[in-house]
Amino acid sequence: MAAITHQAQTIELGGSRSIESANDHELLVAIRDGDESAFQEIVRRYRNPITNFIYRMLDDYDRSVELAQETFIRVYTSASRYQANYSFSTYIYRIATNLAISELRKRKRRKLVSLFSPYTNEDGETLEMDPPDQTTLQDEALIEDERRKAVSRAIKSLPEKYRAAVVLRDVEGLSYDRIAEVMNLSEGTVKSRINRARNLLKEKLSAYV
């Protein structure tokens with residue numbers, strides 16, 4: 001499928017409201033009825049946050065763009081089955097989360113990545129992990145860049161069930177009840193996973209704080 005792009009829309013929805021002013025549920029109804037402009041508006045609203053979320057999960061920009069596109073394809077092809085039992089943002093984050101977790105599990109099975117030390121190459125050979133640089137960095141920009149990379153590595157090392165929960169909460173800013181809906185878990189389980197993820201991150205980042 002060709003890359004999804006957004007074009008400015010002026011088509012009226014329901015004879016009175018423009019595409020841009022429609023809420024997400026109205027857009028899904030229009031998509032179900034074959035309105036391509038409604039789909040383009042959904043893409044415009046959610047393309048960046050969904051891509052950024054998947055990137056935080058995978059730390060692989062190109063693959064994140066591909067899975068974001070797959071997320072929107074699934075929204076489009078399942079529009080006829082969509083039910084507004086909860087917010088559309090919850091619905092689309094659930095699709096994106098499932099795709100990201102599935103990708104992480106495939107990578108584990110193929111041994112293309114290691115979630116934590118020791119790291120291995122494609123042949124399964126152990127690679128030495130570079131320890132945190134303990135030297136003093138004088139440039140604040142370099143310090144901030146190193147911290148950002150350390151956070152990215154730490155998040156990447158988390159098991160996917162903890163990674164998804166903490167990214168949805170601490171990066172995307174979703175509420176606990178929304179995360180519970182996205183991950184199809186109880187709110188108590190979500191809080192437990194986020195707490196566990198934060199503790200693991202704290203341990204992994206101890207050299208940087």
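The residues of the chain are indexed from 1 along the displayed sequence.
Side chains of Tyr82 and Val29 form no contact here, defined as non-hydrogen atoms less than 4.5 Å apart. By the 4.5 Å heavy-atom criterion applied to side chains, Gln69 and Arg74 are not counted as neighbours.
The cluster map of Ile, Leu, Val, Met, Phe, Trp and Tyr, joined by side-chain heavy atoms under 4.5 Å apart, puts Tyr162 and Val151 in the same cluster. Clustering ILVMFWY residues whenever any of their side-chain heavy atoms sit less than 4.5 angstrom apart, transitively, puts Val167 in the very cluster that holds Met183. There is a path of hydrophobic side-chain contacts, each under 4.5 Å, that joins Leu99 to Ile92. Hydrophobic cluster membership is shared by Val182 and Tyr176, with clusters built from Ile, Leu, Val, Met, Phe, Trp and Tyr side chains linked at under 4.5 angstrom. Clustering ILVMFWY residues whenever any of their side-chain heavy atoms sit less than 4.5 angstrom apart, transitively, puts Met57 in the very cluster that holds Val166.
Between atom CG of residue Leu205 and atom CG of residue Leu200 there is a gap of 10.5 Å, rounded to the nearest 0.5 Å. Between Thr77 atom OG1 and Glu70 atom CD the span is 7.5 Å, to the nearest 0.5 Å. Taken to the nearest 0.5 Å, the CZ atom of Phe53 stands 15.0 Å off from the CG atom of Asn48. Residue Thr97 holds its OG1 atom at 4.5 Å from CG of Leu168, rounded to the nearest 0.5 Å. The distance from the CD1 atom of Ile95 to the CD1 atom of Ile73 is 11.5 Å, given to the nearest 0.5 Å. Taking OG of Ser37 as the start and CD1 of Ile42 as the end, the distance is 11.0 Å to the nearest 0.5 Å.
Donor-acceptor pairing under 3.5 Å is recorded for the side chains of Glu36 and Tyr76. Between the side chains of Ser21 and Ser18, at least one donor N or O lies within less than 3.5 Å of an accepting N or O. Side-chain contact check for Arg32 and Ser80: no donor-acceptor pair (N or O, by modelled atom type) lies under 3.5 Å. Using modelled atom types and a 3.5 Å distance limit, the side chains of Tyr93 and Glu172 yield a donor-acceptor pair.
Of all the heavy atoms in Ser64 and Tyr55, the pair that sits closest is OG-CA, 3.0 Å. In this structure, Arg178 and Ser89 approach most closely via the heavy-atom pair NH2-OG, 2.6 Å. Taking all atoms of both residues into account, the shortest heavy-atom contact from Leu28 to Ala79 is CD1-CB, 4.2 Å. For the pair Ile179 and Ala165, the tightest heavy-atom approach, listed with the atom from each and the gap, is CD1-O, 4.0 Å. Considering every non-hydrogen atom in both Leu58 and Ala100, the closest pair reads CD2-O, 3.8 Å. The two residues Arg45 and Ile19 make their nearest non-hydrogen contact at NH2-O, 3.6 Å.
A salt bridge does not link Arg153 with Asp59: every distance from a Lys NZ or Arg NE/NH1/NH2 to an Asp or Glu carboxylate oxygen is 4.0 Å or more. Contact check on Arg107 versus Asp60 returns a salt bridge, with a Lys/Arg side-chain nitrogen under 4.0 Å from an Asp/Glu carboxylate oxygen. A salt bridge links Glu41 to Arg44: at least one charged side-chain nitrogen sits closer than 4.0 Å to a carboxylate oxygen. A salt bridge is defined here as a Lys NZ or Arg NE, NH1 or NH2 lying under 4.0 Å from an Asp or Glu carboxylate O, and Glu181 with Arg94 fails to meet this definition.
The main-chain N or O of Leu158 is found under 3.5 Å from a side-chain atom of Arg163 such that the two form a donor-acceptor pair. In this structure, Ser102 contributes its side chain and Asn98 its backbone to no donor-acceptor pair below 3.5 Å. In terms of modelled atom types and a separation under 3.5 Å, the side chain of Ser157 and the main chain of Ala154 share a donor-acceptor contact. Judged purely by atom type and a 3.5 angstrom limit, Arg56 has no side-chain atom pairing as donor or acceptor with the backbone of Val171. No side-chain donor-acceptor contact under 3.5 Å links Thr189 to the backbone of Leu185. A donor-acceptor pair is defined here as one N or O able to donate and one able to accept, closer than 3.5 Å; no such pair exists between the side chain of Asp35 and the backbone of Ile31.
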Inset, instruction - Quick one: do Lys106 and Glu103 satisfy salt bridge (Lys or Arg N to Asp or Glu O under 4.0 Å)? Show the steps, please. - result: CA-CA 5 Å; Lys106 288 177 182 178; Glu103 175 71 12; 5.2 Å; no

Legend entry - Trace of the side-chain contact (heavy atoms from CB on, under 4.5 Å) decision for Arg105 with Ile101: CA-CA 6 Å; Arg105 289 173 177 170; Ile101 289 177; 3.5 Å; yes

Legend entry - Trace of the side-chain contact (heavy atoms from CB on, under 4.5 Å) decision for Thr71 with Ile54: CA-CA 10 Å; Thr71 298; Ile54 298 175; 4.1 Å; yes

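Ring centroids of Phe72 and Tyr46 are separated by 6.0 Å or more, keeping the two rings apart.
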